[in-house]
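What follows is one structure encoded as structure tokens, with my remarks underneath.
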Amino acid sequence: MNELILAQGYTRPDDDELHEKLTKMQYNVTQMQIMEPPHSSEYWDLFDPGIYVDVTTGEPLFSSLDKFETESGWPAFRKPIVPQAVTSHMLVACGSVRLRLRSRAGNAHIGFLFKDSPVETQGPRYRVDGAALRFIPLEELEAQGYGYLAPLFAE
């Protein structure tokens with residue numbers, strides 16, 4: 001699967017195009033690193049089958065198969081579809097250390113990585129700003145050019 005999602009297949013638009021393409025919230029989150037308010041995203045409590053892609057480039061980042069319920073008000077995932085699609089960067093602010101998440105191809109801010117997940121998630125928690133994502137339902141994967149990821153959902 002790692003070789004199917006290559007950064008070269010996705011390019012970051014220039015800033016003028018991003019201003020046109022994205023809503024103000026999407027731009028502020030992905031480019032200005034401003035956190036969206038909790039419970040404000042249409043995705044924080046969506047659990048339909050499908051994938052979540054970087055709103056700036058369309059690069060696939062997360063699958064609904066790895067999404068879990070959280071009361072935080074933001075989408076949370078156990079892991080990205082491929083580890084390389086999401087990068088983490090240390091952020092030191094106000095005496096605390098956090099891991100900021102960025103999309104690989106778009107270099108867009110997408111959220112934070114926390115190691116303090118509930119036991120039932122068995123691993124890290126990717127807390128993602130919904131404004132950084134676009135959801136593609138399973139039944140639309142083929143039509144939107146992501147049909148190669150449909151096998152992820154095969155039983």
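Note that CZ of Arg104 and CD of Glu59 are 4.5 Å apart. Values are rounded to the nearest 0.5 Å. Here Met90 contributes atom CE and Leu99 contributes atom CG; the two are 6.5 Å apart, rounded to the nearest 0.5 Å. Separation of atoms OG1 (Thr57) and CG (Asp54) is listed at 3.5 Å; rounding is to 0.5 Å. How far CD1 of Ile136 is from OG of Ser63: 12.0 Å, rounded to the nearest 0.5 Å. Between Ile51 atom CD1 and Asp66 atom CG the span is 12.5 Å, to the nearest 0.5 Å.
Partners of Ser88 under the side chain to side chain donor-acceptor pair (under 3.5 Å) rule, at least two apart in sequence or in another chain, do not exist in this structure. Contacts of Glu17 classified as side-chain contact (heavy atoms from CB on, under 4.5 Å), with partners at least two apart in sequence or in another chain: Pro13, Asp14. Considering only residues two or more places apart in sequence or on other chains, Phe135 meets the ring pair (Phe, Tyr, Trp, His ring centres under 6.0 Å) condition with Tyr52.
Within a 6.0 Å radius of NZ in Lys79, other residues, nucleotides and ligands contribute 12 heavy atoms or fewer.
Figure legend: Lys67 and Phe47 shown as a cation-pi pair, the cationic atom lying under 6.0 angstrom from the six-membered ring centre and within 45 degrees of its axis.
Note: the hydrophobic cluster containing Leu141 also contains Val53 (ILVMFWY, side chain heavy atoms under 4.5 Å, direct or indirect links). Taken together through direct or relayed side-chain contacts under 4.5 Å among Ile, Leu, Val, Met, Phe, Trp and Tyr, Val55 and Ile110 form parts of separate hydrophobic clusters. Linking Ile, Leu, Val, Met, Phe, Trp and Tyr residues whenever their side-chain heavy atoms come within less than 4.5 Å places Ile81 and Tyr10 in a single cluster.
Note on ring orientation: taking the six-membered ring where Trp is involved, the planes of Phe114 and Phe112 are tilted (angle from 30° to 60°).
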Q.
Please evaluate residues Phe77 and Phe68 with respect to the criterion side chain to side chain contact (heavy atoms under 4.5 Å, CB included), reporting the C-alpha separation (whole Å), side-chain torsions for both, the decisive distance (0.1 Å), and the verdict.
A. CA-CA 6 Å; Phe77 301 88; Phe68 62 94; 5.6 Å; no
Q: Kindly indicate, with the supporting measurements, whether the criterion side chain to side chain contact (heavy atoms under 4.5 Å, CB included) is fulfilled by Thr56 and Leu18.
A: CA-CA 7 Å; Thr56 67; Leu18 286 174; 4.0 Å; yes
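Judged as a salt bridge (charged side-chain N to carboxylate O under 4.0 Å, His left out), the pairs with a partner in residues 126-136 (not counting sequence neighbours) are, in order, Arg127-Asp129. Residue pairs meeting the side chain to side chain donor-acceptor pair (under 3.5 Å) criterion with at least one member in residues 34-51, sequence neighbours excluded, do not occur.
Closest heavy-atom contact between Ser72 and Pro38: O-CB, 3.5 Å. Between Pro49 and Ser64, the shortest heavy-atom distance links the atoms CA-OG, 3.2 Å.
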Determine all donor-acceptor pairs shorter than 3.5 Å in which one atom belongs to a side chain in residues 24-34; sequence neighbours excluded.
residue: Gln26; atom: OE1; partner: Thr23; partner atom: N; Å: 2.8
residue: Gln26; atom: OE1; partner: Thr23; partner atom: OG1; Å: 3.4
residue: Tyr27; atom: OH; partner: Asp15; partner atom: OD1; Å: 2.7
residue: Tyr27; atom: OH; partner: Asp15; partner atom: OD2; Å: 3.0
residue: Tyr27; atom: OH; partner: His19; partner atom: NE2; Å: 3.3
residue: Asn28; atom: ND2; partner: Lys24; partner atom: O; Å: 3.4
residue: Thr30; atom: OG1; partner: Gln26; partner atom: O; Å: 2.8
residue: Gln31; atom: OE1; partner: Arg12; partner atom: NH2; Å: 2.6
residue: Gln33; atom: OE1; partner: Arg100; partner atom: NE; Å: 3.4
residue: Gln33; atom: OE1; partner: Arg100; partner atom: NH1; Å: 3.1
residue: Gln33; atom: OE1; partner: Arg100; partner atom: NH2; Å: 3.2

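Under the 4.5 Å side-chain criterion, counting only non-hydrogen atoms from C-beta, Val86 is not in contact with Ser103.
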